[in-house]
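Let me begin by presenting the structure, written as structure tokens, before commenting on it.
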Amino acid sequence: MSRNLPVNAGRIAEDIDALAEITNPGRPWTRRAFSPLFLEGRSYIAARMRAAGLETRIDAAGNLIGKRQGAHSGLGTIMVGSHSDTVPDGGRFDGIAGVVTALEVARALSDQGIELDHDLEIVDFLAEEVSIFGVSCIGSRGMTGQLPEAWLSRVTEGRDLASAIAEVGGDASTLPSQERPDLKGFLELHIEQGPVLENEKKDIGIVTAIAGITRIEIVVEGRADHAGTTPMDSRSDALVAAAQLVLDIRNAAAARAKTPGHFAATVGEFRIEPNAANVVPSKVVLLIDGRAEVRNDMEAFCEWLDAHVIKLALTYGVSIKSPMRVSDNYPTPSDAGLLKTLERACESVGAKHRRMASGAGHDTAWIAKVAPAAMIFVPCKEGRSHSADEWAENDDIALGAAVLFEAVIDMDKSLKQEDA
């Protein structure tokens with residue numbers, strides 16, 4: 001890369017490589033939240049924060065935070081960061097790139113003698129990925145008083161979530177009352193986890209919204225019969241109907257994905273009963289994962305699904321219960337002002353950019369409920385993520401860090417003008 005960037009690409013690579021070494025040797029690159037390896041990675045990050053002159057602490061929700069004091073106490077906080085935990089066999093860059101580039105922003109500001117008016121906090125959120133407790137975004141929910149209290153009693157491996165948060169330095173007893181009224185804005189860098197930027201040869205994706213996630217359970221009931229003796233035209237085969245439904249869901253989602261706004265629907269769980277080779281399937285339970293940038297798209301999809309299963313049941317002689325929404329989260333739009341800030345930052349460093357939605361969930365979605373927030377994406381090879389093959393070029397990550405650097409300075413100046 002020939003650009004003269006305000007950040008140090010070598011330091012970024014050094015930190016990402018060092019964290020990649022802290023992994024389960026048999027399952028690269030695994031460093032799950034609440035594990036000894038996770039705490040080892042946290043120790044490395046905390047040490048690098050202190051070396052950069054940041055004051056480190058663990059907040060009540062178990063988030064690691066490095067603070068750079070602003071010139072004027074009480075103006076509020078600009079926060080930048082992501083998460084350092086991984087999925088099993090997860091990847092070297094998912095979350096990690098966001099934490100390291102946030103840290104590099106703080107270092108670059110110090111290198112250049114730039115003092116912000118506002119406090120700057122670099123955050124490593126606890127357990128953004130689905131944890132051993134079966135829930136995700138624990139740190140960002142907890143920081144902002146949005147962690148369901150019932151989650152704290154979830155038990156796995158002989159301990160509950162409240163105890164696990166305490167083990168990483170948090171205090172679960174205070175989580176219901178947590179607030180961050182000082183937050184003036186939040187930015188997160190992340191690998192795209194998709195192929196769009198690479199395919200379009202764009203440097204940066206400016207995230208317009210984080211798609212809402214709706215999970216829908218459908219139960220198809222037929223009749224168990226002998227697979228060898230029951231005539232083909234006398235069967236009530238739950239699997240045949242369910243298989244057709246899967247194809248129909250895929251086609252309906254593909255059609256809706258061609259309209260403005262990100263949309264996807266996937267049947268990711270599929271259970272058959274009695275699941276025996278010589279028995280006509282009597283029951284199928286399937287779970288749809290639906291993602292929509294525009295809420296009306298999800299509502300329209302659900303209306304289509306409700307009507308479609310009735311027709312399908314008549315066609316195949318089975319019973320299909322009304323689709324049940326197991327969970328239903330609305331889309332989270334990015335702050336309009338921060339989108340413009342990020343566009344100015346891209347232009348400042350010469351980064352080719354485009355606006356795009358995130359089909360994946362992120363900590364930003366929870367911070368955005370209490371403060372202005374936005375994200376940027378950097379390309380990753382072939383869009384691969386949540387995989388040991390996940391890869392992002394360091395030059396691309398460094399350019400993203402430069403965008404963050406310029407955006408933080410812009411935010412600081414804009415906020416000061418608003419406060420004046």
Side-chain angles (χ1 to χ4, degrees), residues 1 5 7-25 27-33 35 37-38 40-42 44-45 48 64 80-105 107 122-130 136-137 139-140 187-199 201-207 210 351 353 356 358-364 375-405:
M1 181 180 291
L5 299 179
V7 296
N8 187 320
R11 284 190 302 223
I12 293 171
E14 179 185 355
D15 286 340
I16 291 175
D17 289 346
L19 286 167
E21 292 296 319
I22 304 172
T23 183
N24 183 327
R27 304 188 71 182
W29 316 90
T30 302
R31 195 173 54 255
R32 298 196 74 187
S35 71
L37 285 170
F38 171 74
E40 186 179 342
R42 270 273 176 97
Y44 173 85
I45 296 168
R48 295 294 276 174
L64 170 62
V80 190
S82 191
H83 64 96
S84 66
D85 67 310
T86 74
V87 297
D89 309 306
R92 294 166 55 109
F93 305 95
D94 175 356
I96 288 86
V99 174
V100 171
T101 52
L103 174 57
E104 180 56 27
V105 167
R107 292 186 293 219
I122 310 307
V123 62
D124 171 20
F125 288 113
L126 176 65
E128 188 269 358
E129 304 290 4
V130 176
S136 60
C137 294
S140 52
L187 295 175
E188 180 177 8
L189 176 146
H190 207 279
I191 61 169
E192 181 196 346
Q193 300 179 284
V196 175
L197 295 176
E198 183 181 64
N199 290 346
K201 295 180 169 46
K202 299 289 188 183
D203 301 313
I204 298 291
I206 297 176
V207 179
I210 296 171
H353 58 279
M356 62 190 304
S358 171
H362 298 282
D363 288 309
T364 297
M375 294 185 72
I376 69 169
F377 284 161
V378 297
C380 57
K381 185 178 179 181
E382 297 176 354
R384 299 292 303 281
S385 184
H386 284 192
S387 159
D389 296 328
E390 177 182 281
W391 184 261
E393 294 295 335
N394 196 64
D395 282 351
D396 292 333
I397 297 171
L399 184 57
V403 172
L404 280 183
F405 176 87

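All values below come from the heavy atoms of this structure, side chains included, with hydrogens, waters and symmetry mates left out. One is the number of the first residue; the rest follow in order along the sequence.
With hydrogens and angles left out, the side-chain atoms of D203 and H353 include no donor and acceptor closer than 3.5 Å.
Put simply, CD on E390 and CD on Q193 are 7.0 Å apart, with the number rounded to the nearest 0.5 Å. Taking CG of N394 as the start and CD of E14 as the end, the distance is 11.0 Å to the nearest 0.5 Å. Put simply, NE2 on H83 and CG on L64 are 14.0 Å apart, with the number rounded to the nearest 0.5 Å. Of the inter-residue distances, the one linking D15 atom CG with S84 atom OG reads 12.0 Å to the nearest 0.5 angstrom. The CD atom of E192 sits 10.0 Å away from the OG atom of S385 when rounded to the nearest 0.5 Å. For the atom pair M375 CE and L404 CG, the distance stands at 10.0 Å (nearest 0.5 Å).
Listed by chain and residue number, I204, L342, A345, C346, V349, A351, I376 satisfy the side-chain contact (heavy atoms from CB on, under 4.5 Å) test with V403 (two or more places apart in sequence, or in another chain). Qualifying side-chain contact (heavy atoms from CB on, under 4.5 Å) partners for R384, counting only residues two or more places apart in sequence or in other chains: E382, S387, D389.
The backbone N or O of C380 lies less than 3.5 Å from no partner atom in the side chain of W391, so there is not a single donor-acceptor pair. In this structure, the side chain of R42 engages the main chain of D124 through a donor-acceptor pair within 3.5 Å. The closest donor-acceptor contact from the side chain of T23 to the backbone of T30 lies under 3.5 Å.
Annotation: side chain of S82 is in contact with side chain of H190 (closest heavy-atom distance under 4.5 Å). Residues S136 and E129 form no side-chain contact, since every pair of their non-hydrogen atoms from C-beta on lies 4.5 Å or further apart. When side chains are defined from C-beta on, I16 counts as touching I96, because their heavy atoms get closer than 4.5 Å. In this structure, the side chains of L399 and L5 come closer than 4.5 Å at one or more pairs of heavy atoms. For the pair T86 and R92, the minimum side-chain heavy-atom distance is 4.5 Å or more.
Closest non-hydrogen pair, F405 versus V105, comes out as N-CG2, 3.7 Å. When every heavy atom of K202 is checked against every heavy atom of P379, the shortest pair comes out as O-CG, 3.5 Å. Taking both residues in full, the closest heavy atoms of R32 and F38 are given as O-CB, 3.0 Å, listed atom of the first, atom of the second, then distance. Of all non-hydrogen atoms in A398 and A9, the two that sit nearest each other are CB-CB, 3.7 Å. R31 and L19 make their closest contact through NH1-O, 2.8 Å (heavy atoms, listed as atom of the first residue, atom of the second, distance). Minimum interatomic distance between I210 and A360 (heavy atoms only, all atoms of both residues): CG2-O, 3.4 Å.
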Exercise. Taking it one step at a time, do M356 and L197 satisfy side chain to side chain contact (heavy atoms under 4.5 Å, CB included)?
Worked result: CA-CA 10 Å; M356 62 190 304; L197 295 176; 3.9 Å; yes

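Between E104 and R107, at least one side-chain nitrogen of the basic residue sits less than 4.0 Å from a carboxylate oxygen of the acidic one, meeting the salt-bridge criterion.
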